[in-house]
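Have a look at the structure below, then the notes.
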Amino acid sequence: METNVVKVKLWGNDVGYLSWDKRVNVAIFEYEPSFLEQGLDIAPLTMSTGSPRSQKQLPWTGDKDKIYQGLPPMIADSLPDKWGNSLFKAWLRDNNIPAKKTNPVDHLSFIGSRAMGALEYEPAQKPGDSSAFSVDVQRLYEFAKQVLNERETIVLNQENSILWQDLIKISSSPGGKRPKAIIALNKTTGEVISGQGSIPKEFQHYILKYDDNSAYPFAKLEYVYYQMALDSGIYMMPSELRTYEGVAHFLTKRFDRNGNEKIHVQTLAAMSPTSDSYEDIFAIIRRLNLPYEDSKQQYLRMIFNVIARNVDDHSKNFSFCMNSEGVWRLSPAYDLTYGVDMTAPAYSNRHSLTVNDKNEDISREDLETVGMKNDIQDYKTLIDTVANAVAKFETYAIELGIDKKLIESIKADFIKV
């Protein structure tokens, strides 16, 4: 595979050029001069278009930290996590391409225009055309599980070859550990089609998170948390549960799409790689000169994650969005759910980001200290609002038929403030 140079594009414009240096296993990126003249600062804190380095046409080198895989943080956001990587490796096997002969730039070439956010990569190794096609949700998911668990190359026949092509098109770009698909939903008819590329106007872009139909109700729990978040005043994209062949899956509208227009997104990991606390997010909000509402929203999310035990609050689960005018805002909240692994030791269930220098045993006093230091108005009232919303957990969970023992176990783990 070994792509030499990939062109990075945004909204039809050439942003720059990305190549892989085999000698040091790191990517090299250089801005296109014509893009610098537009004044769109797509990575203001890590590789600003207005910085002397960019203006002098000096190259930017990638970050060797594991989560960036040798890519500049701004670009590393386009790579998927466990689920998408599993599909990419399976695709390599299917095409008899040794994984050792590929690098992250090759992976971006494979993703092409299918990345989350608005960045696109050329030339692309296309797994097929991007025109919309109807999706049989449950049938495709059953095949996805087979691909994910298969250690050897799957024997292709006429039927599953088509399933394989469909799966690659809609499932190889999103991040996260759990299986998911990029789809488009017609709310009126319930029809589901692929969500890559342009979609008909009667459809809307969604991410579908599959439930694995195990004893642990991933989809239902995430929907309960969605309901509690809304009650807390947290802004999230419209989400719902949809059942296919008796299995409930979680669907959430994409915030990186407005109709068929793509919105540029940077996770906290890309925007500020050294950030490891909630206080760091407030500092970024101030550096970007975002409105007070974004600080308030971030404060509500911090409280919610602490009280409701969403300990999987790592730096890829917070994002910032930039529109085509170059205006930045905090993204809607996403991936809010019970993050504790009940089978794991306590030390593995600490928060990923710290609150008042603590990642466990966080108290109301800690939450109030952060609120006070970041000029959050009525911070005590906001804490009470979230606590009252999380108190509805049992009611919402019972409505969805979640096991009562699991409900009690999760409820007992919530933080009392």
**Report entry** Residues which pass ring-ring contact (aromatic ring centres under 6.0 Å, His included) with Phe320, listed by chain and number, not counting sequence neighbours
**Finding:** none
Query - Pair Asp14 + Lys7, salt bridge at N-O below 4.0 Å - result: yes
Query - Donor-acceptor pair between Ser239 and Thr252 side chains, under 3.5 angstrom - result: yes
Query raised in the report: How long is the gap from CD1 on Ile75 to CG on Leu18, to the nearest 0.5 Å?
Result: 4.5 Å
Query raised in the report: Salt bridge between Lys220 and Glu222, side-chain N to carboxylate O under 4.0 Å?
Result: no
Report task. May I ask you to decide if Thr49's main-chain N or O and Gln55's side chain share a donor-acceptor pair within less than 3.5 Å? Result -> yes
Report task. Taking atom types as modelled, find out whether Thr337 and Tyr226 have a side-chain donor-acceptor pair closer than 3.5 angstrom. Result -> no
Query raised in the report: Run the side chain to side chain donor-acceptor pair (under 3.5 Å) check on Tyr278 and Asn356 step by step: do they pass?
Result: CA-CA 8 Å; Tyr278 280 94; Asn356 199 29; over 6 Å; no
Query raised in the report: Between atom CG of Leu79 and atom NE2 of His107, what is the distance when rounded to the nearest 0.5 Å?
Result: 6.0 Å
Query raised in the report: Any Lys/Arg nitrogen of Asp335 or Lys209 sitting under 4.0 Å from an Asp/Glu carboxylate oxygen of the other?
Result: yes
Requested in this report: May I ask you to decide if Ala308's main-chain N or O and Asn305's side chain share a donor-acceptor pair within less than 3.5 Å?
Outcome: no
Requested in this report: Hey, could you give me the CD/OG distance between Gln298 and Ser331, rounded to the nearest 0.5 Å?
Outcome: 9.0 Å
Requested in this report: Going by the side-chain hydrogen bond (donor to acceptor under 3.5 Å, both in side chains) test, name the single residue among Asp313, Asn310, Asn359 that passes it with His351.
Outcome: Asp313
Report task. Ignoring hydrogens and angles, tell me if any N or O in the side chain of Asp294 forms a donor-acceptor pair with the backbone of Pro291 under 3.5 Å. Result -> no
Report task. Answer whether the closest heavy-atom distance between the side chains of Met116 and Ile182 falls below 4.5 Å. Result -> yes
Query raised in the report: How would you list, by chain and number, every residue that makes a ring-ring contact (aromatic ring centres under 6.0 Å, His included) with Phe250, sequence neighbours excluded?
Result: none
Query raised in the report: So how far is it from Asn289 CG to Arg286 CZ, rounded to the nearest 0.5 Å?
Result: 11.5 Å
Report task. Could you please spell out the steps behind the ring-ring contact (aromatic ring centres under 6.0 Å, His included) verdict for Tyr225 and Phe304? Result -> CA-CA 10 Å; Tyr225 270 61; Phe304 185 87; 5.8 Å; yes
Requested in this report: Nearest 0.5 Å please: distance from the CZ atom of Phe255 over to the CD1 atom of Ile207.
Outcome: 7.5 Å
**Report entry** Pair His249-Leu241, side chain to side chain contact (heavy atoms under 4.5 Å, CB included): steps then yes or no
**Finding:** CA-CA 6 Å; His249 303 292; Leu241 286 176; over 6 Å; no
Query raised in the report: Are the side chain of Ser51 and the backbone N or O of Ser48 linked by a donor-acceptor pair below 3.5 Å?
Result: yes
Query raised in the report: For the side-chain hydrogen bond (donor to acceptor under 3.5 Å, both in side chains) test, which of Glu240, Glu202, Gln204 pairs with Lys187?
Result: Glu240
Query - Sidechain N-carboxylate O distance under 4.0 Å for Glu399, Lys392 - result: no
Query raised in the report: Is the shortest heavy-atom distance from the side chain of Met237 to the side chain of Arg254 under 4.5 Å?
Result: no
Query - Closest contact, heavy atoms only, Asn25 versus Trp20 - result: C-CZ2, 3.3 Å
Report task. Compute the centroid of each ring, for Tyr17 and then for Phe29, and state whether the two points are separated by less than 6.0 Å. Result -> no
Query raised in the report: Is there a side chain to side chain donor-acceptor pair (under 3.5 Å) between Ser109 and Asp106 once you walk through the steps?
Result: CA-CA 5 Å; Ser109 179; Asp106 295 325; over 6 Å; no
Query - Over 12 non-hydrogen atoms of neighbours within 6.0 angstrom of NZ in Lys373 - result: no
Query raised in the report: Charged N to carboxylate O below 4.0 Å: is that the case for Glu261 and Arg257?
Result: no
**Report entry** Ion pair Arg364/Asp384, N-O distance below 4.0 Å
**Finding:** yes
Query raised in the report: Are more than 12 heavy atoms from other residues, nucleotides or ligands located less than 6.0 Å from atom NZ of Lys296?
Result: no
Query raised in the report: Between the main-chain N or O of Asp65 and the side-chain N or O of Asp63, is there a donor-acceptor pair closer than 3.5 Å?
Result: yes
Requested in this report: Under the salt bridge (charged side-chain N to carboxylate O under 4.0 Å, His left out) rule, what do Glu293 and Arg329 come out as? Steps first, then yes or no, please.
Outcome: CA-CA 10 Å; Glu293 177 60 26; Arg329 291 296 303 267; over 6 Å; no
Query raised in the report: Is there a donor-acceptor contact under 3.5 Å from the side chain of Asp77 to the main chain of Thr267?
Result: yes
Query raised in the report: Between the side chains of Ser54 and Trp60, does any donor sit under 3.5 Å from an acceptor?
Result: yes
Report task. Quick one: pull up CD1 in Ile303 and OH in Tyr299 and give me the separation to the nearest 0.5 Å. Result -> 4.5 Å
Query - Pair His264 and Trp328, ring centroids less than 6.0 Å apart - result: yes
**Report entry** Donor-acceptor under 3.5 Å (Asp366 side chain, Ser363 main chain)
**Finding:** yes
